[in-house]
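Okay, so here's the structure we're looking at.
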Amino acid sequence: MEKKQKLVAIGTGALVVLGAAVAVSIVTNSQPSPAANATGNLEGRIGDVAATDPQTGDKVYVDSEYQVVKELGEPGKLTVEGEKTPTFEITVNKVQVLDSCILRGFGDTITPENGTFLLLDVSATLAASASEAVDEELAIMPLDASVFGVSPGENRNVYYDVSTTASYSCELEDALDVAVGAGNTIEGQVMLDSPYSSGQVVYDPEKTGGWTWSY
């Protein structure tokens with residue numbers, strides 16, 4: 001069956017819309033940046049990223065790990081090809097660095113396995129039109145801890161094993177849903193278990209390039 005209209009990653013390499021437990025690739029802007037003609041893997045990957053945000057005209061900045069650089073509170077966006085209105089947006093609004101948390105349901109204090117807890121305040125929106133862009137019955141974007149990563153700073157390798165038993169066991173006042181469905185906007189908290197007390201948080205479900213926010 002031929003795929004329906006593709007989705008365009010505005011400032012990212014490759015993310016996914018999930019439907020009926022099947023991953024559907026989200027491709028990048030069909031108009032490559034000048035870097036697309038350069039040699040080497042990095043240049044080729046960056047060449048697949050939109051040079052500017054079609055909604056705002058702002059320049060898109062990509063680091064050497066294929067992550068689009070954002071400020072806290074600034075959204076990452078995915079847009080249906082040929083459109084300017086974002087289909088999916090995700091924003092890391094705040095990052096709290098913690099050395100312990102309260103064990104959910106018991107009240108005891110527990111410590112991170114990797115060294116540092118990162119409590120993220122995240123908001124995400126998936127437009128109702130997303131259901132028209134995929135073949136599956138249900139269009140969603142994942143938001144659980146496993147689709148995040150961390151790095152010690154810009155252009156540094158991303159560490160993705162931030163979803164641990166400890167982080168999962170933390171009591172959260174307003175836990176974020178594990179995914180956002182088409183037509184919905186959600187906001188809440190996600191706990192990561194990070195080896196870095198400062199650096200960058202990455203949203204990258206396919207581990208092939210996403211967005212990054214410094215903390």
Side-chain angles (χ1 to χ4, degrees), residues 9 11-18 21 23 26 41-42 45 61-76 78 88-124 140-180 186-215:
T12 187
L15 298 178
V16 293
V17 165
L18 301 182
I26 291 180
N41 185 53
L42 173 59
R45 290 289 296 278
Y61 295 94
V62 184
D63 70 13
S64 64
E65 294 297 307
Y66 322 123
Q67 311 297 337
V68 176
V69 180
K70 297 291 182 180
E71 300 291 336
L72 286 176
E74 182 182 8
L78 297 179
F88 171 68
E89 292 192 29
I90 181 170
T91 307
V92 175
N93 299 294
K94 183 179 180 181
V95 179
Q96 297 181 57
V97 179
L98 306 171
D99 56 14
S100 64
C101 75
I102 300 301
L103 179 61
R104 183 173 66 245
F106 292 91
D108 297 332
T109 298
I110 59 174
T111 56
E113 296 174 27
N114 292 331
T116 303
F117 283 135
L118 301 180
L119 181 60
L120 313 185
D121 178 81
V122 176
S123 55
I140 64 174
M141 288 296 287
L143 295 170
D144 63 285
S146 69
V147 298
F148 290 88
V150 294
S151 75
E154 191 171 322
N155 300 316
R156 304 288 296 276
N157 290 341
V158 179
Y159 180 84
Y160 289 106
D161 296 327
V162 295
S163 179
T164 64
T165 299
S167 64
Y168 175 79
S169 301
C170 290
E171 181 73 47
L172 301 180
E173 293 182 2
D174 184 20
L176 186 71
D177 290 343
V178 297
V180 59
I186 63 175
E187 183 172 357
Q189 298 171 322
V190 179
M191 186 71 84
L192 308 184
D193 195 336
S194 170
Y196 314 118
S197 59
S198 64
Q200 294 183 318
V201 170
V202 173
Y203 177 78
D204 185 5
E206 288 289 89
K207 313 298 187 286
T208 54
W211 299 292
T212 182
W213 296 263
S214 295
Y215 66 92

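Position 1 is the first residue of the sequence, and the numbers go up from there.
- When all heavy atoms of P195 and Y159 are compared, the closest pair comes out as CD-CD2, 3.6 Å.
- In this structure, the side chain of N155 engages the main chain of S64 through a donor-acceptor pair within 3.5 Å.
- Exactly one residue among V122, L120, I90 makes a side chain to side chain contact (heavy atoms under 4.5 Å, CB included) with W213. That residue is I90.
- Between the side chain of E65 and the backbone N or O of D63 there is no donor-acceptor pair closer than 3.5 Å.
- Distance check, rounded to the nearest 0.5 Å: OG of S151 to CD of Q200 gives 4.5 Å.
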- Task: Determine, stepwise, if the pair F106 / E171 fulfils side chain to side chain contact (heavy atoms under 4.5 Å, CB included).
- Result: CA-CA 9 Å; F106 292 91; E171 181 73 47; over 6 Å; no
- Task: Walk me through it: do V190 and L143 pass the test side chain to side chain contact (heavy atoms under 4.5 Å, CB included)?
- Result: CA-CA 8 Å; V190 179; L143 295 170; 5.8 Å; no
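- Here the straight-line distance linking atom CG of D174 with atom CG of D121 works out to 8.0 Å at 0.5 Å rounding.
- Shortest non-hydrogen contact noted between D99 and P112 is O-CD, 3.3 Å.
- The two residues L118 and S194 come nearest to each other via the heavy atoms CD1-CB, 3.6 Å.
- Counted by atom type alone, Y160 and D204 present one or more donor-acceptor pairs between their side chains at under 3.5 Å.
- Judged by distance alone, the side chain of N114 and the main-chain N or O of D161 form a donor-acceptor pair under 3.5 Å.
- If you take CG on L176 and CD1 on I186, they are separated by 4.5 Å, rounding to the nearest 0.5 Å.
- The distance from the OG atom of S167 to the CZ atom of F117 is 6.5 Å, given to the nearest 0.5 Å.
- Counting only distance, with no hydrogens or angles, the side chain of D108 and the backbone of L103 share no donor-acceptor pair below 3.5 Å.
- Under the 3.5 Å distance criterion, the side-chain polar atoms of Q96 are left unmatched by any main-chain donor or acceptor of L119.
- Between Y203 and F88, the ring planes are tilted. Angles from 30° to 60° get that label.
- In this structure, Y61 OH and K70 NZ are separated by 11.0 Å, a value rounded to the nearest 0.5 Å.
- Here the side chain of Q189 pairs a donor or acceptor atom with the backbone of E173 at under 3.5 angstrom.
- Distance check, rounded to the nearest 0.5 Å: OG of S123 to CD of E89 gives 8.5 Å.
- Side-chain N/O atoms of S146 and D144 include a donor and acceptor closer than 3.5 Å.
- Between I102 and G107, the closest heavy-atom pair is CG2-CA, 3.6 Å.
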- Could you go step by step and tell me if E154 and V69 meet the side chain to side chain contact (heavy atoms under 4.5 Å, CB included) rule? CA-CA 8 Å; E154 191 171 322; V69 180; 4.1 Å; yes
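- When atom types are taken as modelled, the side chain of T91 and the backbone of N93 share no donor-acceptor pair closer than 3.5 angstrom.
- For the pair T212 (side chain) and V201 (backbone), a donor-acceptor distance under 3.5 Å is present.
- Counting only heavy atoms from C-beta outward, the side chains of M141 and V147 never approach each other to under 4.5 Å.
- Taking each heavy atom of A166 and C101 in turn, the nearest pair found is O-SG, 4.5 Å.
- Of all the heavy atoms in Y215 and S198, the pair that sits closest is CE1-CA, 3.3 Å.
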